[in-house]
Trainee: 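Let me give you the structure first, and then I'll get to my questions.
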Amino acid sequence: MSTQPQFTGYYHADIPLGVEDSEVTRVGPRTPCGELMRRYWQPIALSAEVDKRPLPVRVLGEDLVLFRRPDRALGLLHRHCLHRGTSLEYGRIEASGLRCCYHGWLYGLDGTLLETPLEPANSPIRKRARLGAYPVRECRGLVFAYMGPPDRQPEFPIYDTFTTSDTVFVNAGHHFETNWFHLVENNFDMAHTVYLHTIIPGNAQFYDSWGVLPQMEYVETPIGYRYTYSRRVEDCIWVGLEDIVFPNFTQAGAIFSMDGRRPRYFGRGSYSRWLVPLDDFNTRVFVLGHFNEHSDPYHEEYSRPDNLEVMEAGARLARTYEERQREPSDVEAAGSQGPIYLRTNEHLGTTDKGIALFRRRFKSLVRALAAGTEPVQPAEGAKGPIPTCAGDSVLRIPRAPGDEDEALVARVASEVMAIYADTGHLPESERRRQAEARLVELERSHQH
Ligand code: FES
Ligand SMILES: [Fe+2]
């Protein structure tokens with residue numbers, strides 16, 4: 001009698017590990033994905049990192065140098081001098097620009113070659129040569145650059161949560177040694193919070209309410225997605241909302257300090273994140289924390305303006321191998337997929353619906369641009385700041401009998417999302433007034 005082999009490693013060992021999905025992974029100049037990324041403003045540094053010395057930065061596979069003139073204007077230049085290639089990170093900042101340390105060639109903010117001091121006065125080089133430069137601007141302590149075609153420069157996107165006056169903004173940048181698309185998918189994957197952040201560390205990272213698989217619903221918008229992740233928590237329904245804006249911006253609600261057990265009406269975005277490819281194998285996640293009474297409630301250990309999101313900051317990035325094995329976090333989960341994860345060999349499940357949706361739509365943008373159709377910009381069509389829906393609402397709604405509760409949670413989540421979306425065009429205080437009233441009414445309508 002023949003038996004089926006149970007241990008099949010031998011048969012699988014030479015199966016190729018998959019094929020790279022370069023349409024989403026390769027971000028260098030002239031790559032299809034790199035072209036799409038270059039159509040949007042991207043954060044490239046923290047304002048605090050740009051001091052009296054030039055700052056070398058790498059973005060989308062390009063080596064650049066960022067500097068601040070004495071009049072505080074910022075310049076972003078290709079890093080290597082046009083003369084014989086010395087890095088301008090060793091240059092000297094002067095009133096009109098950045099001077100190469102080797103033979104003194106001087107560059108203006110827009111890359112104009114202003115001086116070639118050792119050359120004859122009538123040298124034609126200055127007229128011929130021009131260094132690559134990109135426009136930059138600052139917002140809430142972050143420096144942004146636009147690296148696309150000059151005639152396509154879009155309006156700078158300002159989201160509504162960046163404009164509230166009672167908010168303390170804190171920013172940070174974290175380096176991940178992995179392809180940027182791993183981190184985008186991690187962001188779209190709320191299911192991972194159950195194991196990675198709750199069950200595996202034994203509730204050490206988030207509240208135990210996160211240990212229940214949320215129901216997830218995705219709604220397409222012209223610029224990305226809004227999605228809800230909702231859970232039954234005792235006699236409450238907790239609806240979290242997140243905004244995803246193409247190509248790499250997300251805004252989330254509360255992460256660390258909510259347990260979903262107390263009513264909360266119209267909680268707002270707590271963290272904005274940009275997942276910026278430095279090159280094909282390295283990513284920098286820029287974080288802007290919004291601290292106010294409607295964002296993530298303060299938490300002594302995890303959520304304070306002076307200790308922004310400690311989970312992804314120093315404490316969780318700089319740990320021993322043993323600590324990382326014992327209590328892995330996003331950096332271990334997404335980073336260990338490899339420098340570039342080969343997606344064709346994976347087995348997507350039902351909880352990966354959001355990932356599949358995002359991939360499909362992202363690729364359609366890449367392909368459309370390659371065929372000549374420009375992507376919709378975040379600020380397009382917005383009159384004033386761009387409305388966001390990220391946040392949390394917790395409504396005290398009694399459990400429905402048996403299997404019906406799941407459908408009740410889903411229904412409430414859709415209604416909550418509609419309230420956030422419908423009020424997006426209003427000024428913040430009026431929006432809050434209307435949204436809170438509708439949420440309270442929604443809660444009331446579900447009392448037996
Ligand atoms: S290499 Fe820069 S001036 Fe010569
Ligand atoms: Fe995570």
Side-chain angles (χ1 to χ4, degrees), residues 54 56 63 65 67 77-94 97-108 111-120 123 125-126 128-132 172 174 176 178 180-201 203-207 209-211 213-214 216 227 229 240 242 244 250-256 258 270-271 273 275 283 285 287 296 302-303 308-313 315-317 319 324 327-337 351-352 354-355 390:
D63 286 324
V65 63
F67 66 101
L77 304 174
H78 280 165
R79 197 183 299 167
H80 294 281
C81 178
L82 290 172
H83 179 213
R84 281 177 36 225
T86 289
S87 173
L88 294 168
E89 71 192 282
Y90 301 108
R92 190 172 75 185
I93 298 172
E94 301 188 0
L98 184 58
R99 191 181 292 281
C100 178
C101 66
Y102 209 5
H103 314 92
W105 287 22
L106 177 70
Y107 300 95
T112 307
L113 182 52
L114 299 171
E115 292 177 15
T116 51
L118 304 182
E119 294 298 310
S123 160
I125 295 177
R126 272 201 292 128
R128 268 206 332 254
R130 187 179 191 91
L131 191 60
H174 307 309
F176 288 77
T178 192
W180 79 287
F181 213 74
H182 301 184
L183 301 174
V184 169
E185 294 187 337
N186 177 266
N187 244 318
F188 231 102
D189 167 21
M190 265 294 148
H192 84 269
T193 59
V194 177
Y195 270 84
L196 185 68
H197 296 305
T198 313
I199 294 173
I200 298 281
N203 299 340
Q205 294 183 5
F206 295 174
Y207 278 103
S209 312
W210 288 88
L213 184 67
M216 292 170 273
Y227 79 92
Y229 36 97
E242 183 154 341
I244 306 269
T250 71
Q251 194 174 101
I255 298 180
F256 300 110
M258 291 270 301
S270 302
Y271 298 101
R273 286 194 184 89
L275 314 172
T283 307
V285 179
V287 184
D296 209 359
Y302 294 136
S303 185
L308 175 67
E309 206 181 356
V310 74
M311 316 308 279
E312 284 181 11
R316 295 214 162 253
L317 293 177
R319 298 185 301 157
R324 294 166 53 215
E327 209 179 288
S329 194
D330 298 288
V331 66
E332 285 73 36
S336 64
Q337 289 175 299
T351 55
D352 300 308
I355 288 175

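Counting convention: from 1, in listed order, for ligands and their atoms alike.
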Trainee: Sequence neighbours excluded, which residues qualify as salt bridge (charged side-chain N to carboxylate O under 4.0 Å, His left out) partners of Arg79?
Mentor: Asp63
Trainee: How would you list, by chain and number, every residue that makes a ring-ring contact (aromatic ring centres under 6.0 Å, His included) with His78, sequence neighbours excluded?
Mentor: Tyr134
Trainee: Can you check whether His103 reaches Glu119 side chain to side chain, under 4.5 Å on heavy atoms?
Mentor: no
Trainee: To the nearest 10°, what's the angle at the Fe ion (ligand 2) between atoms OD1 (Asp330) and NE2 (His192)?
Mentor: 90°
Trainee: Within a radius below 2.8 Å of atom 2 (Fe) of ligand 1, how many protein N, O or S atoms are present?
Mentor: 2
Trainee: Quick check on the Fe ion (ligand 2): does Asp189 put an N/O/S atom closer than 2.8 Å to it?
Mentor: no
Trainee: Quick one: side-chain contact (heavy atoms from CB on, under 4.5 Å) partners of Gln337, sequence neighbours excluded?
Mentor: His182, Ala334, Tyr341
Trainee: In terms of relative ring orientation, are Trp105 and His83 parallel, tilted or perpendicular, with 30° and 60° separating the classes?
Mentor: parallel
Trainee: Do side-chain atoms of Tyr227 reach the backbone of Ile244 as a donor and acceptor pair under 3.5 angstrom?
Mentor: no
Trainee: So does Gly104 get a backbone contact from the side chain of Arg99, meaning a donor-acceptor N/O pair under 3.5 Å?
Mentor: yes
